[in-house]
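Take a look at the structure below.
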Amino acid sequence: MVKQTKNTLRDAVYNSLKKMIVTAQIPPGARVTENDIAAKLNVSRTPIREAFNRLERDGLITGRPRQGYVVTEFDLNMFREAFDIREVLDGYSAELAAVAATEEDKIRLREILAECERLAAIPNRTVNDQFQELQVGIDLHRVIAQIGGNAMLHGMLCGILDKCQHYVWAELLWLDEWKITRQEHTKIVEAICNGEVELAGKLARSHVRGSRDGILRLLQARSDYQTFLTKAS
């Protein structure tokens with residue numbers, strides 16, 4: 001029981017910190033310390049230290065010698081590389097899932113879509129509601145890869161998805177593409193459930209490309225705005 005309680009606390013601290021970072025409550029470039037976060041979350045430093053290790057593996061924070069950790073800033077090269085790999089992995093995992101999906105798998109996929117719709121229908125949605133939909137949508141990609149049955153592919157895609165969350169959040173929130181994302185997810189799932197291998201892969205790759213292009217527009221707009229402010233000052 002003690003072990004279970006500890007694991008629950010670790011996960012809760014990790015998820016709370018991840019949400020604060022992904023949603024920019026702790027902005028890119030900000031320094032994070034065990035003492036500050038422990039005081040904010042009212043927990044000891046031990047689960048904070050473990051959460052920092054996990055978040056560094058996720059690529060959400062970066063350790064610096066004698067400085068502790070800082071929230072990872074947007075890196076255009078890393079973003080391009082991550083989404084290029086995602087396009088390949090997501091497409092292939094959708095094709096494998098279209099071949100391997102059982103009736104139970106299809107029910108599970110449709111339940112995930114239903115949960116996204118439930119979260120979308122909440123009146124006056126909070127950041128927590130939106131973040132929860134983001135997590136469920138990302139989990140859909142993990143489940144599709146799991147259904148495909150290739151354990152190495154699943155592990156690689158999960159690692160890439162962890163590194164993409166703050167980019168996807170920016171796209172959904174600032175470009176307001178929640179509805180488009182839900183529609184594309186639905187089409188991918190239906191292709192998988194119908195056993196349409198080629199279509200499932202095509203839709204999954206198109207979904208990732210569309211997300212990448214939207215985020216690039218956002219990053220470019222931010223860059224242009226910063227340049228404008230610099231010239232105007």
Side-chain angles (χ1 to χ4, degrees), residues 14-33 37 49-94 127 130-131 133-142 144-145 150 152-178 180-181 184-185 204-227 229-230:
Y14 165 74
N15 287 326
S16 294
L17 260 175
K18 182 171 70 171
K19 180 177 70 175
M20 287 190 286
I21 291 171
V22 170
T23 61
Q25 295 175 53
I26 304 177
R31 185 168 177 261
V32 289
T33 68
I37 299 300
R49 190 176 305 118
E50 293 173 355
F52 281 179
N53 289 333
R54 291 175 66 179
L55 291 165
E56 186 172 30
R57 289 195 299 270
D58 293 346
L60 294 177
I61 63 175
T62 304
R64 293 182 176 175
R66 298 181 297 279
Q67 296 183 33
Y69 292 94
V70 297
V71 176
T72 304
E73 299 194 58
F74 288 106
D75 183 321
L76 190 57
N77 287 332
M78 191 280 283
F79 162 75
R80 290 182 186 275
E81 291 174 358
F83 272 74
D84 284 348
I85 296 171
R86 261 201 71 190
E87 182 178 342
V88 175
L89 298 182
D90 264 303
Y92 187 41
S93 67
V127 169
Q130 292 174 317
F131 183 75
E133 184 179 348
L134 169 70
Q135 295 302 301
V136 174
I138 289 176
D139 283 343
L140 176 66
H141 292 272
R142 302 183 202 274
I144 289 172
N150 186 317
M152 184 174 292
L153 171 60
H154 177 255
M156 292 172 64
L157 183 56
C158 285
I160 292 294
L161 289 169
D162 287 335
K163 291 175 171 56
C164 290
Q165 292 184 63
H166 53 312
Y167 294 111
V168 176
W169 170 261
E171 175 204 11
L172 291 172
L173 188 65
W174 298 111
L175 299 180
D176 194 23
E177 298 204 344
W178 298 97
I180 292 173
T181 297
E184 291 179 351
H185 281 169
R205 286 187 288 271
S206 176
H207 172 64
V208 176
R209 283 197 302 273
S211 181
R212 178 188 60 204
D213 292 345
I215 296 167
L216 280 173
R217 291 197 306 273
L218 177 61
L219 294 178
Q220 186 61 57
R222 285 183 173 181
S223 177
D224 292 344
Y225 182 62
Q226 289 299 325
T227 299
L229 290 179
T230 300

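Every value quoted in this text rests on a predicted model; they were computed, and no experiment measured them.
One distance of note links OG of S211 with CG of L216; it measures 9.5 Å at 0.5 Å rounding. To the nearest 0.5 Å, atom CG of residue L140 and atom CG of residue D90 are 9.5 Å apart. Here the CG-SG distance, from L89 to C158, works out to 10.5 Å after rounding to the nearest 0.5 Å. Between the CD1 atom of I160 and the CD1 atom of I85 there is a distance of 4.5 Å, given to the nearest 0.5 Å. Rounding to the nearest 0.5 angstrom, the gap separating the NE2 atom in H185 from the CD1 atom in I180 is 12.0 Å. Note: E184 CD to S206 OG = 6.0 Å, rounded to the nearest 0.5 Å.
A side chain to side chain contact (heavy atoms under 4.5 Å, CB included) with Y69 is found for exactly one of R64, R31, E56, namely E56.
Residues L157 and S93 have side chains in contact (heavy-atom distance under 4.5 Å, counting atoms from C-beta outward). F83 places none of its side-chain heavy atoms less than 4.5 Å from the side chain of R209. At a threshold of 4.5 Å between non-hydrogen side-chain atoms, the residues W169 and V127 count as touching. When side chains are defined from C-beta on, L17 counts as touching L55, because their heavy atoms get closer than 4.5 Å. The side-chain heavy atoms of H207 and T181, taken from C-beta on, include a pair separated by under 4.5 Å.
A cation-pi arrangement is absent between R49 and F52, since the terminal nitrogen or guanidinium carbon is not both under 6.0 Å from the aromatic centre and inside a 45° cone about the axis.
A salt bridge links E177 to R217: one of the charged nitrogens lies within less than 4.0 Å of a carboxylate oxygen.
Remark: R80 CZ is loosely packed, at most 12 non-hydrogen atoms of other residues, nucleotides or ligands lying under 6.0 Å away. The local environment of CE in M78 is crowded, with over 12 non-hydrogen atoms from other residues, nucleotides or ligands closer than 6.0 Å. Enclosure of atom CZ in F79 by more than 12 non-hydrogen atoms of other residues, nucleotides or ligands within 6.0 angstrom is indicated.
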- Message: Checking L60 against V71 for the side chain to side chain contact (heavy atoms under 4.5 Å, CB included) test, could you report, in this order, the C-alpha distance in whole Å, the side-chain angles of both residues, the deciding distance, and whether it holds?
- Response: CA-CA 6 Å; L60 294 177; V71 176; over 6 Å; no

- Stepwise side chain to side chain contact (heavy atoms under 4.5 Å, CB included) test for V70 and I61: CA-CA 6 Å; V70 297; I61 63 175; over 6 Å; no

- Task: Show the numbers, then the answer: is there a side chain to side chain contact (heavy atoms under 4.5 Å, CB included) between D58 and K163?
- Result: CA-CA 5 Å; D58 293 346; K163 291 175 171 56; 5.7 Å; no

- Task: Applying side chain to side chain donor-acceptor pair (under 3.5 Å), run through K18 and Q135 and close with a yes or a no.
- Result: CA-CA 11 Å; K18 182 171 70 171; Q135 295 302 301; 3.2 Å; yes

- Show your working on side chain to side chain contact (heavy atoms under 4.5 Å, CB included) between E133 and W178 and close with a plain yes or no. CA-CA 9 Å; E133 184 179 348; W178 298 97; 3.6 Å; yes

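Residues passing the salt bridge (charged side-chain N to carboxylate O under 4.0 Å, His left out) test with R54 are D11, sequence neighbours excluded. Residues that satisfy the salt bridge (charged side-chain N to carboxylate O under 4.0 Å, His left out) test with D162, not counting sequence neighbours, are R142.
When all heavy atoms are compared, the tightest approach of G91 to A204 is CA-CB, 4.0 Å.
Taking the six-membered ring for Trp and the full ring otherwise, H154 and H141 have centroids separated by 6.0 Å or more.
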